[in-house]
Q: 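Dumping the structure here so I can ask a few things about it.
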Amino acid sequence: MNAKARYNGKDSFDDWKKDWALEERYNFKKIEEKWQKIWDDEKAYKVEIDPDKEKFYALVEFPYPSGAGLHVGHPRSYTALDVIARKKRMQGFNVLYPMGFDAFGLPAENYAVKTGIHPAVSTKANIENFTRQLKSIGLSFDWDRCFNTCDPEYYKWTQWMFLKFFEKGLAYKSKIAINWCPSCKVGLANEEVVNGCCERCGAEVVRKDKEQWMIAITKYADRLIDDLKDVDFIDRVKSQQINWIGRSEGAELDFEITDDNGVLLNKKLRVFTTRPDTAFGVTYMVMAPEHEYVEYFKDKFANYAEIQNYVAQTAKKSDLQRTADDSKTGVELKGIKAKNPFNGKLIPIFISDYVLTGYGTGAIMAVPAHDQRDYDFAKVFNLPIIQVLEGGDISEKAYEEDGAHINSEFLNGMGKEDGIKAAIEFAKEHSFGEAKINFKLRDWVFSRQRYWGEPIPMVYCEHCGWQPINESELPLKLPEISDFLPNDEGDSPLAKATDWVNTTCPKCGGKARRETDVMPNWAGSSWYFLRYCDPHNDKEFASKEALDYWMNVDWYNGGMEHTTLHLLYSRFWHKFLYDCGYVPTSEPYNKRTSHGMILAENGEKMSKSRGNVINPDEVIDSYGADAFRMYEMFIGPFDQTAMWSDESLNGVYRFINKIFALFGKVTKKALSAKDLQVMHKCILEVSERIDQMRFNTAVSSMMTYVNYLAGLEEIPQEMYETLLKLLAPFAPHLAEEMWARLGYETLIVKEGWPKGNAELAKDNSVTIAVQINGKMRGTIEIERDADKEKVISTAKALENVAKQLAVSEPKKIIVVPNRIVNIVI
RNA sequence: GCGGACAUGGUGGAAUUGGUAGACACGCUAGACUUAGGAUCUAGUGGCGCAAGCUGUAAGAGUUCAAGUCUCUUUGUCCGCACCA
């Protein structure tokens, strides 16, 4: 321990004491600067593997280091888990609470396009700024474990994991439609498309087919749902993930395609349906305009021009336009028919944009009587509507509830469950269909036509096709370029680095080209929590020893906006590594919680354009880090949206000042019975409320306690010390300072957490409410656990009660011990 | 449309899970004090009423000795997904 640093350059504690004795005002600047330096110098929050201690891994989502700096929303999450981490530390756990930076991303690249400043340069500056800001809040991160995802020493392993995905056949190339801005000549992520237009230039975004790397997350869809059973995630996170994955059970059925006369054309139209039992109500079929049969059967169509026209129109529409308008359009494919395998009937086939190419098989059997969309379509095109389920009034609208089957031959009379079973059985017997589970979840599009991301470590050879580069060549570093715009074809800026692109095939040694797309942002953040376990390892992404000790993350807090992206991707990624044997557990996070947003004072979202952004630097400058932290916790229920209020912040600041001022009344006086009771009550409340993330009420408990202390002539030192310990997770600088002023030479953050005693916390007299017919008539003071008879007689003696009892007899008296007496008359 | 959350003073929010509604804080009112400091201290503060008292947790009904809390209906707000077959 560097004693000189601790005592502000003074040689001894006594000298230093003289110095601060002059400082009678709460000078948070001086206090916070000093303790931050001491924590830093002494590496107070550094952790190592210690098999003798129980570990606790607390994690918050690492930030993207934007140019704007920290937002007041970030510290809400960071402070919350800091409070939890600090309490766990005081309770004797070996706590890992790390921080790093998710440093690849678009803003740095856009900034580079605008200014010519290399993303690596601006990102480095931003990380420095973020680090300074985070340190100024006094968060107890182990800074020795800090890393950022754009460091080749880190992304080496991201690339290595991609090679594993490829090796196991989960990474593949596929032609898919991407959002394309014809003006910027760039592919856009969905998040960059605003109302169907390019976020940057405002031009209308079109769809364009491009070869992209995909990762087969859908292979894990079932497990991503099922394993939610075993983790402690807040319900809305679970339900959102389940909803997003969108599992639905049904069947796939084949309908033979024929010409108009019923002559088989040797092709089957496969459809997915959740209600195979309604097959007798099918009156037409619909394919997505992109369906391959539109091209395949073009020679058969009597109205091909009309069909082509519709296909072209659909292609021009953005997803938004396509879904915003729910009026039904389409074109019949004249010249072909489908044959219903259940009853042999020939029915017409249409194309329509209400059928999507990306879901199921891209084709449906339409049951207009029992599906509102099919019903609407049938009305527009005047198609027959056959009711096959009893109930409703299908002259008005489709009947989508359950009912017994009618007009359905062998299914007649059956309910939904039996009907579905029987229909699938029939399809199997006649080999035209089978049970099938479908998901809304799509495979993960893993290519970005960008510069500032991890290069995908793949090489294309004319002879050998796509080949992975040798692991020994990792990291495959980004080439240095100066022009960050994509080329006219929309290829990644990397395509211009020809020296880098042209390489040799790892398999045959012949000429080959590198993949020029980079990985999406989500790549680096999909496994970062593993790296924290062993951040400086250059042999493995983390050692087995470190993973075995530190994993799982015990408590992960982050924004709801990441529920269906980052949180799902990282769970999937982790499961994949688990299947490969690289990590010890199948789920990475034991517990997931989420914080609410912080809005501006008027209830609007904070944004640069509205000019209502609260800058943490300014808050800390005028109120101090402790007041800032404390206010972030006091602002409202942690999981709910909260509104910033300077006045409330000031109230918390006053509270902190009060604690500082109480120091003057601290004496060696012994605790009274009441003192003891109040103290233990506070310990119990604060402890419990921290664990439950009810930080706002934990702070209230401390305020109540402080109000009690303020009312005392002299404050017993033990009571004040307890306050400081309870305060330490919230306002660590002040707690540390006052702890030192009490004469301690240890750090309070390393002290033990106070233990509350429920027996001592009980007041020995209680106030009991007295009601007549449920209406409050007064209260009585009586000793705790007084016997029933005594409580009743005391209650009856109350003036208000006696008055009533004089005129009517009690019918019934209910006594709830230590709570209430209710006299029914 | 589907899924989720929610509705309490002038404001942010408490309420031991069915047991004194409004803790704690902000704001406001009145007073005190001052080395005028983002001061501090004291008292008050859901509504109506001079008071005793009455009334009160989005609206309506119900269960109960007792409902902010449980059940049903209605209304409204926020979030996520959305022509998912």
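As a basis for the values below, the full set of heavy atoms in this structure was taken, side chains included, without hydrogen atoms, waters or symmetry mates. A, B, ... follow the sequence lines: proteins, then strands. Residue 1 opens every chain.
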Q: Just compare G19(B), C26(B), C24(B) and give me whichever is closest to any side-chain atom of Ser648(A).
A: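 Nearest to the side-chain atoms of Ser648(A), counting from C-beta on, is C26(B).
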Q: With salt bridge (Lys or Arg N to Asp or Glu O under 4.0 Å) as the criterion, how do Arg247(A) and Asp222(A) come out once you've worked through the C-alpha distance, each side chain's angles and the decisive distance to 0.1 Å?
A: CA-CA 8 Å; Arg247(A) 182 189 150 106; Asp222(A) 263 325; 2.3 Å; yes
Q: Could you tell me whether the side chain of Arg819(A) has a donor or acceptor atom within less than 3.5 Å of a complementary atom in the base of U16(B)?
A: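 Checked by distance alone, the answer is yes.
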Q: Any strand counts, and the cut-off is 3.5 Å on both contacts for Watson-Crick or G-U wobble. Which nucleotide pairs with U77(B)?
A: A5(B)
Q: Should the side chain of Lys328(A) and the base of C83(B) be counted as holding a donor-acceptor pair, with the cut-off at 3.5 Å?
A: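 Under the 3.5 Å cut-off, the side chain and the base do form a donor-acceptor pair.
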Q: With rounding to whole Å, what would you report as the distance between G62(B) and A67(B) at their C1' atoms?
A: 11 Å
Q: Expressed as a whole number of Å, how far does the C1' atom of C70(B) sit from that of U63(B)?
A: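 Rounded to whole Å, the distance is 8 Å.
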Q: Please measure how far the C1' atom in G68(B) lies from the corresponding atom in U29(B), and state the result in whole Å.
A: 29 Å
Q: Between Ser622(A) and Tyr653(A), does any side-chain donor sit less than 3.5 Å from a side-chain acceptor?
A: no
Q: Does Lys268(A) qualify as a cation-pi partner of Phe432(A), given the criterion of NZ or CZ under 6.0 Å from the six-membered ring centre and within 45 degrees of its axis?
A: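 Pair Lys268(A)/Phe432(A) does not count as cation-pi.
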Q: Consider the side chain of Arg777(A), meaning its heavy atoms from C-beta on, and name the nucleotide among C54(B), G4(B), A85(B) that approaches it most closely.
A: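 In terms of side-chain proximity for Arg777(A), the closest of C54(B), G4(B), A85(B) is C54(B).
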Q: Is the closest side-chain heavy-atom distance between Gln677(A) and Lys681(A) below 4.5 Å?
A: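 Answer yes - side chains close enough.
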Q: Taking atom C1' in both C79(B) and G27(B), compute the distance separating them and give it to the nearest angstrom.
A: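 Taking atom C1' in both C79(B) and G27(B), they lie 30 Å apart.
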